[in-house]
Amino acid sequence: MLGPILLGTAGVSLRPPTLAEAQLLQRMQTLPETTRFWGPRYGEYTAAHVEERFKRLVSGESSVNWSIHLDQEAVGFTGIFHIDWIRRDAETGIFIGRPDLYGKGVATEAIRLRTAFAWRELRLHRLHNWIGLANRGSRRANKRAGYTEIGRFEQAWFRSGEWVTEWLGEARNPDPQ
Amino acid sequence: MLGGVIRGKIATLRVPTEADLADYSRWMADPRVRRGGWVWHEPAMLATWKERLAEIAKDRQQVLWSVDEKETLVGLCVVTMGDPEQSDAVSFDGLVIAPPAQRRGIGADAVLALHRYLFDYLHTRVADAVVAADATAALGLLERLGYIRYARGANVRYREGARVDELSLRFDRATWDERWAPSEREYQRHAPEAAL
């Protein structure tokens, strides 16, 4: 599924992504500046593959996907994935494709909007995610939205000469119906 | 993907076939299996099970095995191999043993044989598993094997009108090497070069 428009503060909004944005955001995922904590930086980087994947996102019933906009520009994406409608639990993720925006609060606002949607519109009970422990900005942004640590997975993956520990967090709906 | 043969002392993991699917479907509908906390898909008509078998056979990461005891089908298990960034890590998704075959040590034997294959044959660095906090049999089996707990999610699962916590566990190769490697090997060591 594609998510509805969610208007935030400071020019940040979540919007249903377009195919053109999906193409742009994939190019952003090929950059060393954006992938320290993201992906192997190789893959099926073709327009046809992006289109196929985009169609799956649109038709899938276990995820909600957004582009993150700053003013009129798509600068990243976020979503609620692997939704288990019985447990009312899901995984979340976020990618900001413009490194010059790191530390400017864009992710914090996007996560706030996404989390509120999960509670108020999807009536989910719990959200969880995995974040590189050294990715302090992402952890901070998620903590502000209510995520707390439930464990760490040491030596999850190896990058640039060192092991990366993953931080496992969860957020609970403060007002489950 | 479909898994090849892995032999335990009493259990054998082998390539699943369409002939196994009616039993799969019956197990997944069995409340005793569902109480254990993991099923591989919901009950369905046979045609759907055939589609699922075809899908997992093509999947690049998930591997399915049927489990036999003396050439009789008694279970199934699934693991997910690591993605490119974690190619030496494996997720042990779950094991189902048919209720009439439970409490005979088949599950423990199958899981030990599976992990021997993962650590000794594939040289896996770490395996992880997720289980319901009240699944005492599964937890005991995993912890006796060498899994340790590293995370606890609160009230994650929902069944029978109540929520239950979920535990995440990991099993590192160092633990395997210390605890099991001396006695559990896929093959005997090569003879010293001088003797070849």
Side-chain angles (χ1 to χ4, degrees), chain A residues 29 35-45 49 56 62 82-93 123-133 135 146-160 162-177, chain B residues 28 34-35 37-39 41-43 55 59-62 80-94 124-135 147-175:
Chain A
Q29 291 176 75
T35 51
R36 176 161 192 176
F37 300 108
W38 186 272
R41 213 192 304 153
Y42 70 85
E44 202 173 333
Y45 293 148
H49 180 69
R56 283 205 305 270
S62 63
H82 308 303
I83 301 171
D84 185 323
W85 293 109
I86 294 174
R87 296 179 183 180
R88 310 207 74 76
D89 178 36
E91 186 170 349
T92 52
R123 209 161 51 87
L124 294 183
H125 174 86
R126 175 183 182 259
L127 299 169
H128 66 274
N129 61 13
W130 297 80
I131 303 171
L133 184 64
N135 191 352
Y147 287 76
T148 58
E149 178 176 339
I150 62 168
R152 295 182 184 188
F153 194 88
E154 307 283 342
Q155 298 188 346
W157 33 285
F158 198 79
R159 180 151 299 163
S160 200
E162 56 189 350
W163 285 105
V164 176
T165 293
E166 286 206 297
W167 181 92
L168 178 55
E170 70 176 9
R172 308 280 301 283
N173 188 333
D175 185 25
Q177 299 297 309
Chain B
M28 298 313 145
R34 302 180 70 84
R35 188 74 180 78
W38 181 81
V39 295
H41 293 302
E42 296 297 329
E55 278 173 21
D59 193 285
R60 293 179 183 182
Q61 286 182 267
Q62 276 205 312
T80 300
M81 301 299 178
D83 59 25
E85 285 184 301
Q86 296 172 302
S87 58
D88 55 0
V90 169
S91 293
F92 176 34
D93 296 332
T124 294
R125 179 176 58 85
V126 59
D128 75 276
V130 177
V131 296
D134 63 354
Y147 278 86
I148 58 169
R149 306 175 189 197
Y150 71 87
R152 184 182 190 110
N155 295 330
V156 177
R157 301 189 179 202
Y158 186 81
R159 63 164 184 261
E160 297 175 355
R163 293 197 170 273
V164 61
D165 290 357
E166 186 175 80
L167 297 172
S168 299
L169 302 97
R170 64 181 289 159
F171 184 9
D172 289 84
R173 192 170 64 222
T175 306

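Quick note on labels: first sequence line is chain A, next is B, and so on, each numbered from 1.
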Taking atom [atom1] of [X] and atom [atom2] of [Y], what is their separation to the nearest 0.5 Å?
X	Y	atom1	atom2	result
Gln155(A)	Asp172(B)	CD	CG	7.0 Å
Glu166(B)	Glu170(A)	CD	CD	10.0 Å
Glu154(A)	Arg170(B)	CD	CZ	7.0 Å
Phe158(A)	Arg125(B)	CZ	CZ	10.0 Å

Review point. Hey, are the side chains of Arg88(A) and Tyr158(B) touching, using non-hydrogen atoms and a 4.5 Å cut-off?
Key: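 SC-SC contact between Arg88(A) and Tyr158(B) ruled out.
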
Review point. Do Val156(B) and His128(A) come close enough that some side-chain heavy atom pair is under 4.5 Å?
Key: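 No, too far: nothing below the 4.5 Å cut-off.
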
Check your understanding: Considering only heavy atoms, which portion of Leu168(A) lies under 4.5 Å from any heavy atom of chain B: side chain, backbone, both, or neither?
Key ->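 Leu168(A) touches chain B through side-chain heavy atoms alone.
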
Point to revise | chain B contact via Arg152(A) - side chain, backbone, both or neither, heavy atoms under 4.5 Å | key: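 The answer is the backbone of Arg152(A).
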
Exercise for review: Heavy atoms only: give me the nearest Gly151(A)-Ala151(B) pair and the separation to one decimal.
Suggested key: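 Where Gly151(A) meets Ala151(B) most closely, the heavy atoms are CA-CB, 3.7 Å.
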
Review point. Which heavy-atom pair separates Asn155(B) from Arg172(A) by the least distance, and what is that distance?
Key: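 Closest approach of Asn155(B) to Arg172(A), heavy atoms only: ND2-NH2, 3.0 Å.
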
Review point. Which class fits the ring pair Tyr150(B) and Trp130(A): parallel under 30°, tilted 30 to 60°, perpendicular over 60°?
Key: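 Aromatic pair Tyr150(B)/Trp130(A) classed tilted.
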
**Study point:** Among Ala154(B), Pro84(B), Gly153(B), Ala89(B), residue most engaged with chain A (heavy-atom pairs, under 4.5 Å)
**Key:**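 That would be Ala154(B).
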
At a heavy-atom separation under 4.5 Å, does [X] approach chain A through its side chain, its backbone, both, or neither?
X	answer
Arg159(B)	neither
Arg163(B)	side chain
Asp83(B)	neither

Point to revise | Flag if over 12 foreign heavy atoms under 6.0 Å of CZ, Arg56(A) | key: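 Atom CZ in Arg56(A) is crowded, with more than 12 foreign heavy atoms closer than 6.0 Å.
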
